Amino acid sequence: MAVDTSRLNPPQRAAVTHGGGPLLVLAGAGSGKTRVITYRIAHLLGLGIPPDAIAALTFTNKAAEEMRERVAHLLGDRRTAAKLTMGTFHALGLTLLRAERKALGYPRGFAVYDQADQLGVVREVLRSLKDFSRDGERRWDVKAILARVSLAKNGFVAPDDYQPREGDEYDAITAEVYPRYQAALRSYAAFDFDDLIVEPVRLLQGDAGVRARWAERFRFVMVDEYQDTNRAQLLLVKELVAHHGNLTVVGDDDQSIYAWRGAEPANILRFADMFEGAHVIKLEQNYRSTRHILAAANAVIAHNTQRHGKTLWSELGAGEPITHAVAQDVEQEARWVAQELARQREGGRRWADLAVLYRSNLQAKLLEDELRQHDVPYVMYGGQEFFERKEVKDVIAYLRLALNPRDELSLRRIVNYPARGVGPATVEKLAAWSQARHVTMWEVVQAVAQADDAQALDDAGLRPGVRRALSELVAIVDALGRGLRDGAAVASTRALVEAIGLHDDLRAAAPSATAAQRRIDNVEGLLGSLARFEAKARGADALGDYLRKLSLESGEEADTSGDKVVLTTLHGAKGLEFPVVFMVGLEEELLPHARTLSPQATDALDAEHASDVSEERRLCYVGITRAQRKLYITRACTRVSRGRQVPRLPSRFLLEIPDELLEVRDLAEEAKAAVPQAELRSFFASFAGDD
DNA sequence: AGAGCTCTTATTTTT
DNA sequence: TAAGAGCTCT
């Protein structure tokens, strides 16, 4: 049955009903891009394409879930929607690696490392490098090194092909670390996030058998947020559609804000050169914002040169003018925003209709204080609350080790947790033994645990107490492994928690009873999650799949339930919309950020993008186009920066908005005028005595 | 392991 | 300024 396209506008309909071959849909903000993807999927299904021959790739789990939801709704058929391949690039890559792991020599229980794990591996490599890099004293910024490794992988640069730039010490150390890092992952039987893209590409490019299996698997491939794809992702997509070229990508070059993370705007800018015979359709009618808001957005983005060029228009009417509020200082700015939020609420808006967007998380603190003072309820999106629940990661490390004894990172994590007298010196001895004999560290641990020969231990410089501790560990992990293989995930994990006395340890280590209880609850939460998994588990490798997918989930979503104002960075706001939006701190050195104006050497990961304000302008554009009905832009004339009060200039982007769209308010003037005369008199009177 | 000290550094972060 | 990291001492 054909899908009803009568409610689509002409370019939307053209995109939805496009036949085969490459298609680029340039979807301006609020132009109905998700609508186009979902309708197109429905259209293809209507033509008789089976659902398992269609793949739609996104960047976030959330986007994938929403899309599946909308397709299910459109079709009125959950079962068909469930058969579509709809997920993140990383999830697809994981599926492929799981199926083809043997070609790469990876065992069934292979691990997927998240960012925290990756940092651990880099630290490990640096430690092993110590006596080799002349300055063993150097305290490297581990994150900066990992960022370079990751950027290299995103750019599909192999370890041996990495080219350090002359004179950049971080490039130099990365050139040392990257090959060893990759070798470590391999020996641990682990893939990191970036490998989930890179390794499938290498397999597809290099193995005819694998290529034959996957290049025909999907007859139609769709990619959302295409402007955010990196080189490795482009290559993956190319491989998937190599035989038929049935590729639809949807994105907006004007919303490309992740080049600093390896996204290549060229993928969308030069799509037509990369995919022969490509069609391009522009969606320029905006269904989100009023004309004043769109005019401001269009005016700002028009200052960028490298773009396809779109002009958004809307039938929603002129709407209210944009308020440009100029505050004396940041306190006044934050206070006014809080008050104005409250006024909006009094005017009939829900709290959840309102959002405050900022460039840097640093700005959020003051805002939070003021919102609390004015009793404005809020939720913060993003922030740095990655799921760093140590106690959960500790338990997961035991599970990983039980499933994959090669996982040295997990072994190192738990070998002395809870404390069992196996300190760093002992671990180094185990590591040295493992290296010398070319066996895994777990095999060394097993050997030590079983050693009945005191002499052998002595030779290795290990005390009898260590042997006892390690044989206990081996017993615990072996028991766990047996339990897991028997399919009793919850029971054996609970047995583990008891065997290592985790609850007692958490209680002993926690500063308060409530903190202890929270950590225990986190562990219970993991057990609950395991129980839900166990209820629907199928297949020999189900628990492995569960653990790997856990790595791909970025922890807890912000709590969107409840009526609350949203606080988020401009980056975090992409894809969202609100009736009323406040963009705060529209000042030079904040937006555009100082770091993009004069980048510091250590951070100049990519010299070409480093001094590029166009990405900052796009960020501004993303912010403006989040607003449906009312936009506020605020700035302060002075701001405390590095502990000093400094004068601030309005953002160049603000000056790019035509004056007639802005209604300027001088908050300092208004504050002065608002002070009652009597108060003024007594204020001046207080100085009288000092004369 | 943890308290308390000094030193350092100050974007954005879908997986 | 002010938070986080690293260090020393108990």
Side-chain angles (χ1 to χ4, degrees), chain A residues 57-65 87-94 112-118 137 139-144 146-147 150-151 153-154 191-198 224-225 227-230 232-233 255-263 330 357-366 381-387 416-419 423 505 508-511 548-555 557 568-576 585 589-597 599-600 602-603 605 609-610 615-616 618-620 622-623 639-646:
Chain A
L57 302 179
T58 64
F59 277 84
T60 66
N61 295 310
K62 192 173 147 220
E65 281 158 28
T88 62
F89 273 95
H90 292 83
L92 176 69
L94 177 57
V112 171
Y113 281 180
D114 67 16
Q115 196 186 317
D117 301 322
Q118 290 178 272
E137 311 278 297
R139 296 202 326 267
W140 293 102
D141 177 349
V142 181
K143 280 196 174 145
L146 180 60
S150 184
L151 225 44
K153 289 186 167 195
N154 290 164
F191 295 113
D192 69 12
F193 279 160
D194 303 316
D195 289 338
L196 298 184
I197 313 296
V198 171
D224 188 23
E225 303 280 16
Q227 76 281 355
D228 290 337
T229 52
N230 57 41
Q233 285 160 334
Q255 292 187 67
S256 158
I257 54 173
Y258 284 107
W260 56 276
R261 265 182 126 226
V330 275
L357 315 184
Y358 38 84
R359 173 69 237 260
S360 149
N361 284 311
L362 258 70
Q363 296 168 258
K365 201 177 176 318
L366 231 179
Y381 281 17
Q384 51 221 44
E385 269 157 278
F386 283 89
F387 80 123
N416 196 36
Y417 182 82
D505 192 85
R548 287 185 283 268
K549 293 212 173 96
L550 211 58
S551 305
L552 296 187
E553 284 169 17
S554 61
E557 290 288 314
T568 176
T569 61
L570 288 163
H571 284 90
K574 202 181 70 168
L576 307 176
E589 312 223 296
L590 206 46
L591 186 71
H593 197 276
R595 294 296 266 270
T596 73
L597 297 173
Q600 284 189 0
T602 341
D603 289 334
L605 294 176
H609 293 295
E615 182 151 310
E616 297 285 303
R618 290 192 288 269
L619 204 46
C620 183
V622 165
R639 184 173 293 268
V640 179
S641 157
R642 291 156 123 217
R644 287 213 168 268
Q645 187 91 1
V646 288

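Protein chains get the first letters and strands the later ones, always in sequence-line order, with residue 1 at the start of each. Please read these numbers as outputs of a predicted model, since none were measured by experiment.
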(message) Measuring only the P atom in each nucleotide, how far is B:dT12 from C:dA3? A whole number of Å is fine.
(response) 16 Å

(message) By the 4.0 Å heavy-atom rule, please label A:D194 as base, sugar-phosphate, or nothing.
(response) nothing

(request) Kindly write out the residues that satisfy salt bridge (Lys or Arg N to Asp or Glu O under 4.0 Å) with A:D195, not counting sequence neighbours, or none if the list is empty. (result) A:K153

(message) Please give the stem ranges for DNA chain B, sorted by first residue number, where a stem is three or more consecutive Watson-Crick or G-U pairs and both donor-acceptor distances are under 3.5 Å.
(response) B:1-10 with C:1-10

(message) Taking any heavy-atom pair under 4.0 Å as a contact, classify A:R359: base, sugar-phosphate, or nothing.
(response) base

(message) Looking at every heavy atom in both A:Q227 and A:A263, which two are closest together, and how far apart are they?
(response) O-CB, 4.1 Å

(message) Closest-nucleotide mapping onto DNA chain B: is A:T569 or A:A508 further toward the 5' terminus? I mean the 5' end.
(response) A:A508

(request) Would you indicate whether the side-chain heavy atoms of A:D114 and A:F193 approach each other to under 4.5 Å? (result) yes

(message) Donor-acceptor check, side chain of A:E553 to backbone of A:L550, threshold 3.5 angstrom: yes or no?
(response) no

(request) With DNA chain B as reference, determine whether A:A419 or A:L552 sits nearer its 5' end, using the nearest nucleotide of each. (result) A:A419

(request) Give one of base, sugar-phosphate or nothing for A:L590, where a contact means two heavy atoms less than 4.0 Å apart. (result) nothing

(request) Using modelled atom types only, decide if a donor and an acceptor are shared between the side chain of A:E616 and the backbone of A:H593 within a distance under 3.5 Å. (result) yes

(request) Between C:dG4 and B:dT11, how far apart are the P atoms? Round to whole Å, please. (result) 13 Å

(request) Show the numbers, then the answer: is there a side chain to side chain contact (heavy atoms under 4.5 Å, CB included) between A:K574 and A:Y258? (result) CA-CA 11 Å; A:K574 202 181 70 168; A:Y258 284 107; 4.2 Å; yes

(message) Does B:dT11 have OP1 or OP2 under 4.0 Å away from a side-chain N or O of A:N361?
(response) no

(message) So A:Q233, base contact, sugar-phosphate only, or nothing? Heavy-atom distance under 4.0 Å.
(response) nothing

(message) If I take atom CG in residue A:L366 and atom P in nucleotide C:dA3, what distance separates them, rounded to the nearest angstrom?
(response) 12 Å

(message) Tell me whether A:R618 is salt-bridged to A:E615, with the criterion being a basic N under 4.0 Å from an acidic carboxylate O.
(response) yes

(message) Does A:Y258 reach a base, just sugar-phosphate, or nothing at all? Heavy atoms under 4.0 Å.
(response) base

(message) From CD of A:Q645 over to P of C:dA2, roughly how many Å is that when rounded to an integer?
(response) 13 Å

(request) With the side chain of A:H571 defined as its heavy atoms from C-beta on, choose the nearest nucleotide among B:dT11, B:dT15, B:dT12. (result) B:dT12

(request) Give A:K365 one of three labels, base, sugar-phosphate or nothing, depending on what nucleic acid heavy atoms sit under 4.0 Å from its own. (result) sugar-phosphate

